[in-house]
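To keep things clear, I will list the structure first and then write my remarks on it.
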2 protein chains.
Amino acid sequence: MTLPFPLPTYADVEAASRRLAGVANRTPVLTSTFANEATGAEIFFKAENFQRMGAFKFRGGYNAISRLGDDAKRRGVLAFSSGNHAQAIALSGRLLQVPTTILMPLDAPEMKIAATRGYGAEVVLFDRYKVNREELAAEMAAERGLSLIPPFDHPDVLAGQGTAAKELIEDTGPLDMLFVCLGGGGLVAGCALAAHELSPGIKVYGVEPEAGNDGQQSFRSGQIVKIAVPKTIADGAQTAALSPLTFALISRDIADILTVSDAELVETMRFFGARMKIVVEPTGCLAAAAVLGSKIPVRGKRVGVILSGGNVDLSTYARLVG
Amino acid sequence: MTLPFPLPTYADVEAASRRLAGVANRTPVLTSTFANEATGAEIFFKAENFQRMGAFKFRGGYNAISRLGDDAKRRGVLAFSSGNHAQAIALSGRLLQVPTTILMPLDAPEMKIAATRGYGAEVVLFDRYKVNREELAAEMAAERGLSLIPPFDHPDVLAGQGTAAKELIEDTGPLDMLFVCLGGGGLVAGCALAAHELSPGIKVYGVEPEAGNDGQQSFRSGQIVKIAVPKTIADGAQTAALSPLTFALISRDIADILTVSDAELVETMRFFGARMKIVVEPTGCLAAAAVLGSKIPVRGKRVGVILSGGNVDLSTYARLVG
C-alpha cells in the first residue's frame, strides 16, 4: 500500500506540542483509590474531558489548521464529523481567524451541533445512513476551494492528538500499558508515537465498541475491514473503517485492539460520575471500560488511560446513568 | 453571649493545614470561559468535590480527630450528620485508627450511608423530623464515653474547613469576593478566617437555600434565629440554626448572606455537568448559583467560589438534571 505522505513520527508530535503550548489546556491526570483497589493496578486517567471544547480533538484540529499556508487559511477549511472534530475545527478556526464549514450528521448530539455553530462555523447537515461523508466533503471542498481537514486521516491531526499521551507520560513517568479509545484511529496512532518514545517497552491498546469492531478485525486480519456504520452509544467511534494512514501506524505500534459493550460503557460512565465526580461521554469511557472490566490483565501494572471527552447531552447522560 | 472556648483564629487554620498536608487532597482550582463571559467576572472554583470522600468535610473531621488525646482516641468518637460529615469522620477515623459511631438521618442519601459504613463506621439511623439530633448525640456520647465531634459547632472542625480558602487564595492570589455555602456555618466561618488574612479587603458571602434562610435571618437580626428543618434539595444545608460559635464569627467576618432557590441549584448543577464536566451536589452549588444568578454584582471582580462537594446519588443527579 502506498501512502500519499510519509508516516508521521514523534518529531511531529513534539512540533504539535509547541504549537499547542498556551492554547490547549494541559489537562489534569486523575487517580482513583477505588479503581486502583478494584484492579490491583496503578491507573492514571488523562482527563481530556477538561480539554477546550470538551475533547482531545482540539489538539489535532488546531495543529492541522496552524500548518496551512496563508492562502489556504484565507479561503477557509472544511471538516466532516459526528461531533467533537466539528467543534475542534470550529473553535480552532475562530482562534486562528480561519473561516470554517462543517458537515455534520443529522443525528449528531444537539449540544455538539449547537456548540459548533456557537463557535462561528457554518454547519451543513447530512444523513449519514444514506450519504458517504468523505465523498460529499471532497466535492464541497473542491467546489468552494476549501482545505479539507478530515477527523483522523491526516498526519497533522494525528500528530496533534499524540500530544495527549506526551503530556500524560511527562506527568506520570514511564507506564507499562496505555489504553486509548479507537474510532478512526487518529488518537491511538498519535498517542502510540509519543508512548513508545517516552516510555520504551510500553504496550498500547486500542479500545472499540463491540458493535463497531472494524479496527479489531482489520488489526487481526492484516487488511482494512470496512463495516456498516455501527449502532452504539459511543457516537465518536461510529466509524466504518480505519484509513490507510492510521492502519499503517496501528499495525506497527499497537499491541492489540479490545472491545467493550454499550452496557460496560454505561457502567463506566456511572463509575466516573459517582466515584470521580466527572462527566465522561460514552466514547470517552471506551479505554477505561476495558481496564475496569479486566479485558486484559493489569494487576501490578502502571496503566495510562485516555478519557477522550465529556461532550454528551446532559439529558442523554441522565437517561444512561439514571 | 459567653462561648465555651476562645474564637479560633487564622493560626488555627494554619495549624490545621500542616496536619492535613499529604493527607487531604489539594483540590484543583477550575475556571470556565463561559462563566467568566456570562458574568464579566474572573471566577475561580475551588473543587472540593474532588476532596477525599467527595467533600470539604474531610478537612474539619480529620483535623478535629487529630487533636484528641490518646485516651479519647482509644475510646472513639461520635458524630451526627446528614451525610458528608459522617463520611469525613468515618474516613478520618479509619486513617487515624480511631473507632467511629455515626448518627445519620433515615432519609440521608443512600450512597452517603453506604459510604460511611464502607469506611468502617458503626451507623445508627434516626428520624430527623422527630428526634433532636444534638440531644441524642450528647446522650449516646455520655453513655458510651465517646468524644462528640459535631459537624460545625467546634473550633477544630471550623479551622480545618478554613484550609479550603487558604489553598484557594494561595493558588489564585488576592480576590475581591469569596462565596461559600452555608448550612451550620462552619465552612464559611473557617474560610473567612483565611480569606481576611490572605486577601485583606476581601468580602466573604455565605449562601443558603431560600427554604432554609435561618442564617440570613440571624445575620440581619443580630441574634440566632432557629427554623424548622427546611425542605430543600441542598441536603447538606438543612440545618435549623447557626451555633453560638459560627454565629459569632459570621457576624464579625461576613459581608452578607444570600439565598438561592432549588431551581437555581438545578440550573447550576446543569452548568457544571454540561459545561465543566463535573458532578457537584446540590449543596455544593449554593455559592456558584449566587454568582451565576447575579444575586450581587460581580462584574470586573476576581471572585472565589467554593464547590463544597460532589456526593449525590447518581440516580438523584440524573432526575434533577435530566
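Just so it is clear: chains get the letters A, B, ... in the order the sequence lines come, proteins before strands, and each one is counted from 1.
Between chain A and the residues Ser315(B), Gly310(B), Gly322(B), the most heavy-atom pairs under 4.5 angstrom are made by Gly310(B). Note: Val321(A) leads Val321(A), Thr316(A), Leu30(A) in heavy-atom pairs under 4.5 Å with chain B. Contact count against chain A (heavy-atom pairs under 4.5 Å) is highest for Gly273(B) among Ala47(B), Gly309(B), Gly273(B).
The minimum heavy-atom distance linking Val305(B) with Ala288(B) is given by the pair CG1-N, 3.6 Å. The two residues Pro209(A) and Ala237(A) come nearest to each other via the heavy atoms CD-CB, 3.8 Å.
Neither the backbone nor the side chain of Asp313(A) has a heavy atom closer than 4.5 Å to any heavy atom of chain B. In this structure, chain A has a heavy atom under 4.5 Å from the side chain of Tyr317(B), while its backbone stays farther away. In this structure, chain B has heavy atoms under 4.5 Å from both the backbone and the side chain of Arg270(A).
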Apply side chain to side chain donor-acceptor pair (under 3.5 Å) to Gln161(A) and Asn63(A), showing your working.
CA-CA 9 Å; Gln161(A) 320 303 32; Asn63(A) 188 51; over 6 Å; no
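A salt bridge between Glu48(A) and Lys277(B) is absent, with no side-chain N of the basic residue lying under 4.0 Å from a carboxylate O of the acidic one. A salt bridge is absent between Glu42(A) and Arg299(A); no separation between the charged side-chain nitrogens and carboxylate oxygens falls under 4.0 Å.
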